[in-house]
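Single-structure report; data block below.
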Amino acid sequence: GVLSDVHVSAAGTEDLLEKAFVFFRDAKVDAVLLAGDIADWGLREQLERAAATWFKVFPDDRRPDGAPVERLFVYGNHDHEGWKYGYQKRHKLPDEDFAPEKLISTDVALAWKTAFREEFAPIMLKEVKGFKFVLCQMKELKQADWAPFAAAHADELKREKVFFFTQHYHLKG
């Protein structure tokens with residue numbers, strides 16, 4: 001299953017996300033790719049509600065039949081900096097709602113680990129049914145970041161093998 005830009009914001013906005021997860025569960029998918037903008041305002045609480053919705057539908061990352069379902073999630077620009085986009089003024093939210101300890105961007109790795117119960121890395125590699133998925137968590141994929149990752153996973157990412165790459169941000173050029 002593939003989703004993007006779910007923009008969980010105020011309480012209750014995760015309801016559509018839950019319906020999508022239930023649809024994927026009932027379709028017996030092997031993985032769900034969520035390509036960024038999970039949280040709308042870049043708040044940890046929004047990310048955690050999205051994660052709680054995932055675990056409600058896929059407890060222990062499994063379908064009801066016990067089969068694993070791989071989470072292929074990446075951050076998007078709203079997850080990193082949604083707080084900059086004027087929501088506070090439009091929704092008349094107090095400054096303390098956007099305190100640094102409430103923002104994903106203050107510690108993206110801690111926010112990820114707390115919400116999704118897995119270690120965070122700027123570039124991650126996951127496998128589903130023999131297919132490799134490269135998940136880029138960064139705004140821009142730079143050669144300096146890609147080169148060590150590619151070297152560390154050279155055998156898994158050989159040219160003759162197919163792998164899938166995802167990131168939220170549009171590629172430049």
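For this chain, numbers begin at 1 and follow the sequence in order.
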So, taking the atom named [atom1] in [X] and the one named [atom2] in [Y], what distance separates them when rounded to the nearest 0.5 Å?
X     : Y     : atom1 : atom2 : answer
Arg62 : Arg25 : CZ    : CZ    : 15.5 Å
Lys19 : Phe21 : NZ    : CZ    : 14.5 Å
Thr13 : His7  : OG1   : NE2   : 11.0 Å
Asp37 : Asp5  : CG    : CG    : 4.5 Å
Leu43 : Trp83 : CG    : CH2   : 11.0 Å

What closest approach, in Å, do [X] and [Y] show between heavy atoms, and which atom pair accounts for it?
X      : Y      : value
Ala51  : Ala115 : CB-O, 3.1 Å
Ala50  : Ile38  : CB-CG2, 3.4 Å
Cys136 : Phe165 : CB-CZ, 3.6 Å
Val29  : Gly1   : CG1-N, 3.9 Å
His78  : Asp40  : ND1-O, 2.8 Å

Any donor and acceptor pair, going by atom type alone, linking the side chain of [X] with main-chain N or O of [Y] inside 3.5 Å?
X      : Y      : value
Glu156 : Ala154 : no
Gln46  : Trp41  : yes
Asp79  : Ala39  : yes

Please answer: with hydrophobic residues joined when any side-chain heavy atoms are less than 4.5 Å apart, are [X] and [Y] in the same cluster?
X      : Y      : result
Val32  : Phe164 : yes
Val57  : Phe23  : yes
Met124 : Leu110 : no
Val2   : Tyr169 : no

Test item: [X] and [Y] side chains (from C-beta on) under 4.5 Å apart, heavy atoms:
X      : Y      : result
His168 : Ser4   : yes
Arg71  : Glu118 : yes
Lys56  : Thr53  : no
Val134 : Phe149 : yes
Leu135 : Lys126 : yes
Trp112 : Ile104 : no
Leu17  : Leu3   : yes

Just to verify, what does His80 make a ring pair (Phe, Tyr, Trp, His ring centres under 6.0 Å) with, not counting sequence neighbours?
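Once residues adjacent in sequence are excluded, the partners of His80 under the ring pair (Phe, Tyr, Trp, His ring centres under 6.0 Å) criterion are Tyr75.
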Residues forming a ring pair (Phe, Tyr, Trp, His ring centres under 6.0 Å) with Phe73, sequence neighbours excluded:
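Partners of Phe73 under the ring pair (Phe, Tyr, Trp, His ring centres under 6.0 Å) test: Trp54, Phe116.
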Given the rule in the side-chain contact (heavy atoms from CB on, under 4.5 Å) test, do Phe133 and Thr166 qualify, once you have shown the distances and angles that lead to the verdict?
CA-CA 8 Å; Phe133 289 82; Thr166 191; over 6 Å; no
Is there a side-chain contact (heavy atoms from CB on, under 4.5 Å) between Thr106 and Arg44? Walk through the geometry before answering.
CA-CA 10 Å; Thr106 301; Arg44 289 181 59 163; over 6 Å; no
Test side-chain contact (heavy atoms from CB on, under 4.5 Å) on Asp30 and Val69 and set out the steps.
CA-CA 5 Å; Asp30 297 310; Val69 180; over 6 Å; no
Got more than 12 heavy atoms from elsewhere within 6.0 Å of OH, Tyr85?
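It does: Tyr85 OH has more than 12 such atoms within range.
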cation_pi(Arg117, Phe55) dist<6.0 Å, angle<=45:
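Checked: cation-pi criterion met.
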Please identify each residue that fulfils side-chain hydrogen bond (donor to acceptor under 3.5 Å, both in side chains) with Asp65, with sequence neighbours left out.
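Here the qualifying residues are Arg63.
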